[in-house]
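None of these values were measured; they are calculated from a predicted model. Any value given below was found using the heavy atoms of this structure, including those in side chains, with hydrogens, waters and symmetry copies removed.
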Amino acid sequence: QVQLVESGGGLVQAGGSLRLSCAASGRTFSSFSVGWFRQAPGKERDFVAAISRSGGDTRYSDSVKGRFTISKDNAKNTVYLQMNSLKPEDTAVYYCAADRIIGIGTRSGLYDYWGQGTQVTVSS
């Protein structure tokens, strides 16, 4: 079992930045691949970014590529999502997810462990 807790969400103006954190407890994070997903009201949960177990491989959705950066600190059991140049359409609840995936997981169904989510609101 692994427990995930997200933090760092909030209200920011368009063009601003936020850094989300996903802290894990219960297992060593180095054996888990991690993904970030987001869900806006009335919409499905969408893939945002993912990182491999070692942190050496990353993947991004087209909508955030070049603006968001995912990173992993296995020593701190934490994954980060640096979000720059935020747009109103980035407004959503952001979830981190983890599982023992070989490689990169971009589909939510691949992940068994999920955090409770953190709200990100970008005003225009």
Side-chain angles (χ1 to χ4, degrees):
Q1 289 287 345
V2 62
Q3 292 78 42
L4 305 175
V5 178
E6 303 98 332
S7 61
L11 173 64
V12 64
Q13 288 188 333
S17 298
L18 284 173
R19 188 177 80 158
L20 305 184
S21 299
C22 173
S25 61
R27 284 291 185 270
T28 302
F29 222 12
S30 60
S31 61
F32 287 82
S33 295
V34 178
W36 283 97
F37 295 80
R38 66 187 181 187
Q39 188 167 20
K43 296 188 177 182
E44 295 183 350
R45 189 170 296 187
D46 291 330
F47 168 73
V48 175
I51 192 164
S52 61
R53 297 179 183 186
S54 67
D57 193 11
T58 58
R59 198 76 47 83
Y60 300 92
S61 68
D62 289 342
S63 61
V64 308
K65 198 173 297 182
R67 300 188 297 123
F68 291 11
T69 302
I70 188 171
S71 60
K72 194 168 186 264
D73 188 336
N74 284 331
K76 294 183 178 179
N77 264 10
T78 302
V79 168
Y80 304 98
L81 185 68
Q82 178 67 44
M83 306 187 296
N84 299 329
S85 302
L86 282 162
K87 305 175 181 180
E89 51 264 43
D90 294 318
T91 295
V93 177
Y94 283 71
Y95 299 89
C96 71
D99 214 315
R100 290 186 176 92
I101 298 169
I102 298 176
I104 291 282
T106 62
R107 293 185 290 113
S108 60
L110 292 172
Y111 294 92
D112 281 341
Y113 303 105
W114 290 82
Q116 82 289 349
T118 186
Q119 176 71 46
V120 171
T121 303
V122 184
S123 63
S124 57

Between [atom1] of [X] and [atom2] of [Y], what distance do you get to the nearest 0.5 Å?
X: Q82; Y: L18; atom1: CD; atom2: CG; value: 8.5 Å
X: N77; Y: L4; atom1: CG; atom2: CG; value: 10.0 Å
X: I51; Y: D57; atom1: CD1; atom2: CG; value: 8.5 Å
X: C96; Y: I70; atom1: SG; atom2: CD1; value: 9.0 Å
X: Y94; Y: D46; atom1: OH; atom2: CG; value: 10.0 Å

Q. Do F68 and S61 come close enough that some side-chain heavy atom pair is under 4.5 Å?
A.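 The answer is no; the side chains never approach within 4.5 Å.
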Q) Taking C-beta and beyond as the side chain, do R53 and I102 meet within less than 4.5 Å on heavy atoms? A)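 Yes, close enough: below the 4.5 Å cut-off.
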(Q) Go through it in stages, so that I can follow the logic: the residues are E6 and L20, the test is side chain to side chain contact (heavy atoms under 4.5 Å, CB included), and I'd like the CA-CA distance, side-chain angles, deciding distance and then a yes or no. (A) CA-CA 7 Å; E6 303 98 332; L20 305 184; over 6 Å; no
Can you name the nearest heavy-atom pair linking [X] to [Y], along with the distance?
X: I104; Y: S52; result: CD1-N, 3.5 Å
X: A50; Y: G105; result: CB-O, 3.4 Å
X: K43; Y: Q39; result: O-NE2, 3.0 Å
X: A14; Y: S124; result: CB-CA, 4.4 Å

Return yes if some donor-acceptor pair links the side-chain N/O of [X] with the main-chain N/O of [Y] below 3.5 Å, else return no.
X: T91; Y: V122; answer: yes
X: D99; Y: D112; answer: yes
X: S33; Y: G103; answer: yes

(Q) Quick check on the hydrophobic clustering: are V64 and L86 connected, directly or via other members, by side-chain heavy-atom contacts under 4.5 Å? (A)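 V64 and L86: one cluster.
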Q | Pair listing, salt bridge (Lys or Arg N to Asp or Glu O under 4.0 Å) test, anchored in residues 63-81, at least two apart | A |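 The answer is D62-K65, R67-D90.
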Q: I would like to know whether F32 and Y113 meet side chain to side chain contact (heavy atoms under 4.5 Å, CB included); could you show each step before the answer?
A: CA-CA 10 Å; F32 287 82; Y113 303 105; 3.9 Å; yes
Q) Step by step, would you call T78 with F29 a side chain to side chain contact (heavy atoms under 4.5 Å, CB included)? A) CA-CA 8 Å; T78 302; F29 222 12; 5.6 Å; no
Q: Could I get the full list of ring pair (Phe, Tyr, Trp, His ring centres under 6.0 Å) partners for F37, not counting sequence neighbours?
A: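 For F37, the residues satisfying ring pair (Phe, Tyr, Trp, His ring centres under 6.0 Å) (neighbours in sequence not counted) are F47, Y111, W114.
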Q. Does the pair S63 and R38 meet the rule for a side chain to side chain contact (heavy atoms under 4.5 Å, CB included), with working shown?
A. CA-CA 12 Å; S63 61; R38 66 187 181 187; 3.4 Å; yes
